[in-house]
Number of protein chains: 2
Amino acid sequence: MYSDIEIARAAQKRPIIEIAAKLNLGSDDLLPYGHDKAKLTHNVVNRLKSGRKGKLILVTSINPTPAGEGKTTTSVGLGDALNKIGKKAVICLREPSLGPNFGMKGGAAGGGKSQVIPMEDINLHFTGDFHAISSANNLLAAMIDNHIHWGNSLRFDTRRISWRRVVDMNDRALRDITIALGGPSNGYPRESGFDISVASEVMAILCLAEDLTDLKARLARIIVGYNLDKQPITAADLKADGAMTALLKDALQPNLVQTIENNPVLIHGGPFANIAHGCNSVIATKTALALGDYVVTEAGFGADLGAEKFFNIKCRKAGLSPDAVVVVATIRALKMNGGVPKSELGSGNAEALKKGSSNLIRHIRNVQKFGLPVVVAINHFATDTHEEIAVLNDVCNEAGVKAILCRHWSEGGAGAEDLAYEVAKLADNNDAELQLLYEDNLPLWEKIQTVAREIYGAEQARAEPAVLKQLEQWERDGFGHLPVCMAKTQYSFSVDPTALGAPSGHIVPVREVKLSAGAGFIVAICGNIMTMPGLPRTPAAEHIGLNHNNEIQGLF
Amino acid sequence: MYSDIEIARAAQKRPIIEIAAKLNLGSDDLLPYGHDKAKLTHNVVNRLKSGRKGKLILVTSINPTPAGEGKTTTSVGLGDALNKIGKKAVICLREPSLGPNFGMKGGAAGGGKSQVIPMEDINLHFTGDFHAISSANNLLAAMIDNHIHWGNSLRFDTRRISWRRVVDMNDRALRDITIALGGPSNGYPRESGFDISVASEVMAILCLAEDLTDLKARLARIIVGYNLDKQPITAADLKADGAMTALLKDALQPNLVQTIENNPVLIHGGPFANIAHGCNSVIATKTALALGDYVVTEAGFGADLGAEKFFNIKCRKAGLSPDAVVVVATIRALKMNGGVPKSELGSGNAEALKKGSSNLIRHIRNVQKFGLPVVVAINHFATDTHEEIAVLNDVCNEAGVKAILCRHWSEGGAGAEDLAYEVAKLADNNDAELQLLYEDNLPLWEKIQTVAREIYGAEQARAEPAVLKQLEQWERDGFGHLPVCMAKTQYSFSVDPTALGAPSGHIVPVREVKLSAGAGFIVAICGNIMTMPGLPRTPAAEHIGLNHNNEIQGLF
């Protein structure tokens, strides 16, 4: 058994210029970052804008469990497999956040023989996109307090400033802070705090922007707080949008890397899948659709959060329509959904598997509500028994959906060829268009209700009158057409992370709503959502360092 | 008249690989960042370690005034001129900080026809070095509060934590803050604050480290605070040094760019010249000395701060000995030193010039105390009169030093050929070794006194007993051998920024001393030193953005 990093380092990495050549891109189309990473220039992105022709394949999954599902690994394995069977496929993934690397061990670039390289770089600074996002976010924050310091001509109500600073670090001590202490030369004291950078609206904006002009327009619309008449104050009011755009100019260009089988991967953007929409950038996805015949992409967490928002937010806004959807499941995770504790996952338990499969079936039915063809990828683990595999196949057959056993973790693309053939067939034969779950003109509260009932299987969503009043106010202010970005636990269809399987008839309490006017959605917060993680008692950072070859160790 | 950015954009920029080829470096020696920037790999840096042969030339200046001196511009012009007269010269500069770009207009990559390109990139994110430094600094900060949150087994006295967070932004509201508010899950509340990233000890460490091993050892020695027995707690105690090294691994590699005349420039590191030592990295300087026959480098602010610390800290620690020193002066700035207000600098005033030249002469004498040959570069302005130029020449001749009129700002390297010939002659004929101003074993307070008397012309330095007691404690703790890093205003030889010319007999009050155990110096703070700038009433950010060609405007 080799570790992920050992497999990655043993890979025959090709110069990134050779990977680009597979996509008919030349040296002038690239901004290299080292010899194994490159950005595609704004020029090539603009040139390719009109040439979209590829089939779009979404990889999503059952609700995540501690047993592991392998959504990124399956996206990579499927991409490699499509290339292996002679299709020209491009993989589109999200960039991982730097901070969490120092908390719990584990990177985010696939695993086993289905990985993206160079994994150390991708997991650390990569091409600096997240640093640029942090800088743009924090410039806006500095300009707010500076404006107030110099006379507050916009009449900020300093009790109603919603814009927070960010840092790409798990730092719980920054969640709630008091700033501008120390006397007149430091400004006017007020309460505020830091989020992790991936929770920033700037991140969501970067991922939804169509080009630099759209990026600037979205940044300009960001609402940072309210004045003493309760009227919104925007980044444009502070004249911050231009400088923020300048800071993000390079970051808006998608990043090209490769799988360990030397197939092209665009990794670009990585908004949190709770407070934001959890998908890679629109620019990367659209560029990939012009470069490849098949584009494999993924959305964060389970299909209830990631896929729903991929469809209702990203696809709606970007005019995208997927041609096939892969729902990833593991027998281990379904057994957990069936009540088996993690310590007992090593032994066969067909009954629990059958019971827990309700989670998978609900996700399948949900995706089908969007009018899209679905296939199940069973991400194989060595502990899976023949009986269990047969049971899961039966369950899926009964549900009218094909389930395909995949061994890409241990075999690379060769282990996912069956899945690749099926996905290609589904996508090639698909002539359905994405059916959005709700129309733009549905009232905001009805949009929330629709997701709660149709996707979560809830009886209804409920909120205090203040929340409903806020939504109505936003409708009067011209924001009623926006989609809703649901923020709830990723572990369950309900707001209770311990309610596994397929709970129904529950209540979805909407605690708070937030307007992301720049990103273009209303965030509905259901339960407690963490926008700044903390480090554990023994952070992974304690074991990260360089080995005797000056290679990074302990990160994976 | 073209603006700096117009001149820079009109330059015939060559691919960075061609610039590297001039230094006999190949593609494998580089990590490209785009086509016009590259890092030299750790491999090539290590390979070149034994091959130092070039002559080292320090460019320093009179005390800065609002009239402008042009130290970076002169460094670039001299480098171009040396190449023009057939010498193989490499220029070594500091990286500019991102934050100040959004405050006052003006980049930091030279000016006129003596510039380094791509100036937009250099002034913004460049190759991400400062972001890596911020991340490493803030990981250490997060690990401190995380350690306390989980039980504080190192017994931190939370009133005596000196390590602060950093951000590369001018954000006065972060100078004094209270963190970890909001209840038990956010940690133990305490007072803290943010500095700008260039003021971080991590920045100074990166610039003084000899290689990755030395970098890690220095990071390990950082003292972050004290325990309840007043014993120091280090980054090593928190096991943070390995992960910090991993975060800084790429950043430790020097960055290669070019002048608009296509000559090689290494831009690497940029510590504040007040709280830290204000020089580019030791690694870049040493690598350049192996690549070129002449290396032109600069130190921050005037010679009283920058050059003194270049010699007494950087050269002492790195075993470097400059072969010639250029003191840059402008007639405008010397007239200001002679009492002329900025509004009247346009008209000739030989008397004021003569009077203000006392500042220049003091700096010359100071540099000569280090046993090094000196030449004065008069950085020409269109408003300089013939009479004034003659006066300044006379003043320098009387002082026994050659003054050379340079027109590199308007003419590029061709305008500094006379200077180049003189510098090359001085360096070629130099057989003196650098004379350090004080020995390692001089008591710390005597080191401070020596700089105050010998360099600042002061009667003496003075401090409260607590400061002297602290210095004695550090001597007992084994830090007595460290050099002192003086932190005082850059505008005067005294601590009064309005005392121009060559004040003498003054008192230098040492308000506070700080131990930078990782960087390896004792900071002596004389007067008020700002470690987090603020934005002005109308920040430059308001006018920064993209033009119709999507080029950055308003930055310069």
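In what follows, every chain begins at residue 1, and chains take the letters A, B, ... in the order their sequences are listed. All values derive from a computational prediction rather than experimental measurement.
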With only heavy atoms counted, which part of [X] is less than 4.5 Å from chain A, the side chain, the backbone, both or neither?
{"X": "B/His149", "answer": "side chain"}
{"X": "B/Ile144", "answer": "neither"}
{"X": "B/His125", "answer": "side chain"}
{"X": "B/Pro189", "answer": "neither"}
{"X": "B/Arg190", "answer": "neither"}
{"X": "B/Glu551", "answer": "backbone"}
{"X": "B/Leu139", "answer": "both"}
{"X": "B/Ser134", "answer": "neither"}
{"X": "B/Ala132", "answer": "both"}
{"X": "B/Tyr33", "answer": "both"}
{"X": "B/Leu535", "answer": "both"}
{"X": "B/Asp168", "answer": "neither"}

Picking from [options], which has the most non-hydrogen pairs under 4.5 angstrom with chain A?
{"options": "B/Thr127, B/Asn146, B/Asp121", "answer": "B/Asn146"}
{"options": "B/Gly183, B/Ala240, B/Pro536", "answer": "B/Pro536"}
{"options": "B/Ala246, B/Ala141, B/Ala142", "answer": "B/Ala142"}
{"options": "B/Asn170, B/Asp171, B/Leu30, B/Leu31", "answer": "B/Asp171"}
{"options": "B/Leu247, B/Leu212, B/Ile552", "answer": "B/Leu247"}
{"options": "B/Thr245, B/Leu546, B/Leu124, B/Asp145", "answer": "B/Leu546"}

Between [options], the one whose heavy-atom pairs under 4.5 Å with chain B are most numerous:
{"options": "A/Asn138, A/Ile148, A/Asn186", "value": "A/Asn186"}
{"options": "A/Lys37, A/Arg175, A/His147", "value": "A/Arg175"}
{"options": "A/Glu120, A/Lys39, A/Arg165, A/Met244", "value": "A/Arg165"}
{"options": "A/Thr538, A/Ile179, A/Val167", "value": "A/Ile179"}
{"options": "A/Met143, A/His543, A/Lys216", "value": "A/Met143"}

Please check if the side chain of [X] supplies one atom and the backbone of [Y] the other of a donor-acceptor pair under 3.5 Å.
{"X": "A/Asp214", "Y": "A/Asp211", "result": "no"}
{"X": "B/Gln553", "Y": "B/Gly545", "result": "no"}
{"X": "B/Lys249", "Y": "A/Asn550", "result": "yes"}
{"X": "B/Asp29", "Y": "B/Gly26", "result": "yes"}
{"X": "B/Asn101", "Y": "B/Ala541", "result": "no"}
{"X": "B/Asp36", "Y": "B/Val257", "result": "no"}

> Around B/Glu191, counting heavy atoms of other residues, nucleotides and ligands shown, do more than 12 lie under 6.0 Å from its CD?
Replying inline: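 At most 12 heavy atoms, drawn from other residues, nucleotides or ligands, come within 6.0 Å of this atom.
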
> Is it the case that more than 12 heavy atoms not belonging to A/Asp28 sit under 6.0 Å from its CG atom?
Replying inline: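 Count not over threshold, so no.
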
[X] [atom1] to [Y] [atom2] distance, which is reported to the nearest 0.5 Å:
{"X": "A/Ser200", "Y": "A/Asp195", "atom1": "OG", "atom2": "CG", "answer": "8.0 Å"}
{"X": "A/Phe102", "Y": "A/Ser97", "atom1": "CZ", "atom2": "OG", "answer": "10.0 Å"}
{"X": "B/Asp250", "Y": "B/Thr41", "atom1": "CG", "atom2": "OG1", "answer": "11.0 Å"}
{"X": "A/Ile544", "Y": "B/Asp241", "atom1": "CD1", "atom2": "CG", "answer": "12.0 Å"}

> Where does A/Ser185 contact chain B at under 4.5 Å (heavy atoms): side chain, backbone, both or neither?
Replying inline: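 It is both, since atoms from each part get that close.
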
>> Minimum heavy-atom separation for B/Ile283 and B/Ala209, please, with both atom names.
In response: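 Closest approach of B/Ile283 to B/Ala209: CG1-O, 3.3 Å.
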
> Under 6.0 Å between the ring centres of A/Tyr188 and A/Phe156?
Replying inline: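 Not close enough - the centres of the two rings lie 6.0 Å or further apart.
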
